[in-house]
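Small disclaimer: the values here were computed from a predicted structure and weren't measured. Letters go in sequence order (proteins before strands), and every chain restarts at 1.
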Amino acid sequence: MKKILLLLFFHLSIIASSQEAKDIIRKADEKAKGKTSIATITIQTIRPSWTREMTVKAWTKGNDLSFILVLAPAKEKGVVFLKRKKEVWNWIPSIERNIKMPPSMMSQSWMGTDFTNDDLVKEASILEDYNHSFLQDVIIDARNCYKIQLLPKPKSAVVWGKVIMDIDKKDFMMLHVEYYDEDGVLINTMHCSDIKLLGDRLLPGKMEMVPANKKGNKTVLIYNSLIFDTPLDDSFFNTQNITKAK
Amino acid sequence: MTATAQTEGTKTPLIELKGYIKDMQSTYFIQKIDSNASANLIHNRLNFKVNMTPKFTGRLEIRTRIFYGELIKQTPEFGKSIDQENGLFDLSFLWIDEKSIVAQSVIDRMLLEYSNEKWDIIIGRQRINWGITNVWNANDIFNAYNFLEFDYEERPGSDAVSIQRNLSNNASIEFAYKFEKNKDTPTTAFLYKYNKWNYDFQFLGGLYQTDYVVGGGWAGNVKKAGFKGEMSYFHPKKNAVDSANTFNLSLMSDLTFPDNWYVSVATLYNSNPSNVLLTNGSLYSPNISAKSLFPFRYNFYFTIVKTISPISTFNFSFIYSPEKNTLILVPTYSWNVANNFDIDFILQSFFQDQSNSYSNLVNAFYIRGRWSF
């Protein structure tokens with residue numbers, strides 16, 4: 001009996017701990033996203049023999065709605081990606097046509113970066129599609145962090161086999177994330193730095209995504225500006241608005 | 001109101017300018033590459049946008065092309081053949097028309113736009129693009145195009161008025177009226193669009209020159225693959241000897257695979273085919289219309305794209321029709337050399353059954369550089 005109680009207690013403590021781990025991820029996620037956000041972001045794609053730079057303006061509302069307008073380079077200026085729940089449209093100004101993207105396009109690289117379209121669309125899944133547990137405490141760039149492991153729930157359709165996140169204990173910032181495949185092999189590492197006030201919140205202004213097996217490759221995201229919680233009506237994320245946002 | 005485009009933090013300049021300069025070398029040859037004819041094309045596009053107020057904007061876009069080389073010399077009346085203007089106003093200027101050099105500027109967009117959350121009203125020369133699929137657009141009744149003409153992705157404009165009313169739930173209704181040269185036969189139609197079950201749907205109906213037209217289309221997916229289609233039915237207003245009903249149906253599906261492979265298949269059925277293939281796709285505009293998007297009854301298109309790296313892509317497309325076993329091969333290699341500079345290598349090879357053999361009609365090879373600003 002004692003043994004069973006002990007087991008039950010142990011089990012409950014895992015649930016409690018997993019709940020706390022999930023809450024920490026949720027706090028970090030909510031802090032970085034806000035109710036809505038409007039950001040201008042510079043994206044550098046770095047390869048051993050070349051680099052490219054792109055600037056975008058991105059509007060988001062919750063996990064379901066996002067709108068990305070390309071500001072540079074010149075050839076892609078005015079291109080829009082609109083996401084509503086699981087649907088994605090791509091406005092191409094040179095042909096003045098709005099193209100609905102097939103779901104399989106999600107696993108492709110987003111405009112030549114180390115991010116996939118899926119990274120843009122399925123961000124919600126870090127809360128709903130994974131089970132969360134604490135691993136240990138770590139120090140990242142002189143900040144005390146929780147190391148949390150995310151394992152996909154049995155039936156969830158996620159890309160990763162395992163994700164390890166280091167989250168700042170005081171300010172709930174994701175500082176270091178490792179993405180593993182189903183065989184437990186490290187695929188991508190994201191490291192965040194340049195912590196500063198962005199939209200009145202303390203957040204990393206720079207994120208670097210480094211693929212593990214491609215030497216000299218990385219993608220760097222730099223937040224030039226970030227505003228949280230501007231009221232945005234859902235109709236802002238309609239296909240009719242795709243030609244209008246500035 | 002927050003649904004409008006403007007959000008604080010961005011100042012929109014009064015006048016915006018973007019565009020490009022391209023240089024394209026084309027070489028045409030039949031079977032042997034050493035007996036060829038070539039031409040060079042310098043191509044500039046200037047897109048001006050005037051932001052008068054957040055709701056009123058204007059656009060003026062000018063396309064200028066300078067052609068020279070042997071092939072121009074060999075083509076009789078080349079200047080006149082490109083100086084075609086189908087609009088209400090003649091905005092095409094042929095400013096050099098010599099035997100070996102031809103220069104032309106055309107204003108293909110000149111419009112005023114008013115838009116708020118509910119309305120979009122555009123008056124002037126504009127692109128009204130109602131197409132859905134990637135190659136053959138049965139619903140593109142205002143500015144149908146020839147997809148082999150790859151060097152003009154913007155497509156010509158129509159002199160038209162279009163009024164769109166945005167409805168709730170991502171639906172809209174649009175009315176467009178295009179002034180044709182022959183005033184008695186305008187193209188005018190309604191388009192109703194809505195989104196349901198993760199599909200976009202649209203229905204259209206109206207007048208297309210001498211015909212009544214009804215049509216519709218969809219864009220959605222079956223599992224992971226994109227699934228799109230569009231169709232139009234044309235019925236002559238008056239029964240004349242040479243008039244006939246025409247039905248066009250275009251279907252496509254596309255799918256991506258790991259390691260940046262992309263495959264797309266498309267098909268076009270045309271009930272009233274012309275069966276005349278023009279093989280000079282990119283230098284001139286063959287007679288393409290919404291009723292005749294491609295010359296044959298059954299047409300198939302297949303493309304496979306391999307993104308080799310974020311800056312280089314290989315695309316292999318082919319078009320096949322059982323009519324005289326017509327086959328067009330289009331391999332393309334695209335390289336983004338620098339942030340604003342691209343080079344493309346494009347081949348178009350045409351094959352068809354001739355009276356006594358299956359032969360290569362013509363090959364066109366293009367090298368194109370593009371600087372965007």
Highest number of heavy-atom pairs under 4.5 Å with chain A among Lys193(B), Glu154(B), Glu61(B) belongs to Glu154(B)
Answer yes or no: does atom NZ of Lys153(A) have more than 12 heavy-atom neighbours from other residues, nucleotides or ligands under 6.0 Å? yes
Any side-chain heavy atom of Arg47(A) sitting closer than 4.5 Å to one from Pro310(B)? yes
Where Val337(B) and Arg52(A) come nearest, the two heavy atoms and their spacing: O-NH2, 2.9 Å
Taking the side chain as C-beta and beyond, is there a heavy-atom pair between Asn195(B) and Trp89(A) under 4.5 Å? yes
Residue Ile128(B) versus chain A: region with a heavy atom under 4.5 Å: neither
Chain A: which of Lys223(B), Arg155(B), Lys228(B) shares the most heavy-atom pairs with it under 4.5 Å? Lys228(B)
Could you check Arg97(A) against Asn134(B) for side chain to side chain donor-acceptor pair (under 3.5 Å), going step by step and ending with a plain yes or no? CA-CA 10 Å; Arg97(A) 165 99 56 96; Asn134(B) 56 348; over 6 Å; no
Do other residues, nucleotides or ligands put more than 12 heavy atoms under 6.0 Å from Glu182(A) CD? no
If you count heavy-atom pairs under 4.5 Å between each of Asn339(B), Leu255(B), Asn129(B), Asn170(B) and chain A, which one has the most? Asn170(B)
Closest heavy-atom pair and its distance - Trp50(A), Ser309(B): CZ2-OG, 4.2 Å
I need the residue from Gly220(B), Gly19(B), Gly131(B) with the largest number of non-hydrogen atom pairs under 4.5 Å to chain A. Gly131(B)
I'd like to know whether CG of Asp194(A) has more than 12 heavy-atom contacts from other residues, nucleotides or ligands below 6.0 angstrom. yes
Count the heavy atoms of every other residue, nucleotide or ligand shown that sit under 6.0 Å from CG of Asn169(B), and state whether that count exceeds 12. no
CA sep, side-chain torsions, deciding dist, call: Lys18(B), Glu76(A), salt bridge (Lys or Arg N to Asp or Glu O under 4.0 Å): CA-CA 11 Å; Lys18(B) 57 177 280 188; Glu76(A) 271 86 28; over 6 Å; no
Quick check on Lys61(A): does its NZ atom have over 12 non-hydrogen neighbours (other residues, nucleotides or ligands) under 6.0 Å away? yes
Pairwise side-chain contact, Asp342(B) with Lys75(A), heavy-atom cut-off 4.5 Å (strictly under): yes
Between Asn198(B), Asn221(B), Asn340(B), which residue shows the highest count of heavy-atom pairs closer than 4.5 Å to chain A? Asn198(B)
Check ion pair Glu87(A)-Lys196(B) (N to O, under 4.0 angstrom): no
Report, in residue-number order, which members of residues 43-52 of chain B are under 4.5 Å from chain A by heavy-atom distance. Lys49(B), Asn51(B)
Value rounded to 0.5 Å, distance of OG in Ser168(B) from CG in Asp234(A): 12.5 Å
Interchain contact, Asn143(B) with chain A, by part (heavy-atom threshold 4.5 Å): neither
Could you check if a side-chain atom of Glu117(B) sits within less than 4.5 angstrom of a side-chain atom of Lys244(A), using non-hydrogen atoms only? no
Neighbour count above 12 (heavy atom, 6.0 Å) for Lys118(B) NZ: no
Quick one: closest heavy-atom pair of Pro102(A) and Gly226(B), and the distance? CB-N, 3.3 Å
Under 4.5 Å from any heavy atom of chain A, what part of Ser172(B) do you find: side chain, backbone, both or neither? both
Atom pair OG1 (Thr45(A)) and CD1 (Ile311(B)), whose distance is rounded to the nearest 0.5 Å: 10.0 Å
Could you check whether any side-chain heavy atom of Asn238(A) comes within less than 4.5 Å of a side-chain heavy atom of Asn166(B), counting everything from C-beta outward? no
Given side chains that start at C-beta, do those of Gln164(B) and Gln240(A) come closer than 4.5 Å, heavy atoms only? yes
Using non-hydrogen atoms and a 4.5 Å limit, figure out which bit of Tyr20(B) sits close to chain A: side chain, backbone, both or neither. neither
At a 4.5 Å cut-off on heavy atoms, which part of Phe341(B) comes close to chain A: side chain, backbone, both, or neither? neither
Okay, Glu16(B) and chain A: the region with an atom under 4.5 Å from a heavy atom over there is side chain
More than 12 heavy atoms of other residues, nucleotides or ligands under 6.0 Å from CH2 of Trp335(B): is that the case? no
Contact class of Ala225(B) relative to chain A, heavy atoms under 4.5 angstrom: backbone
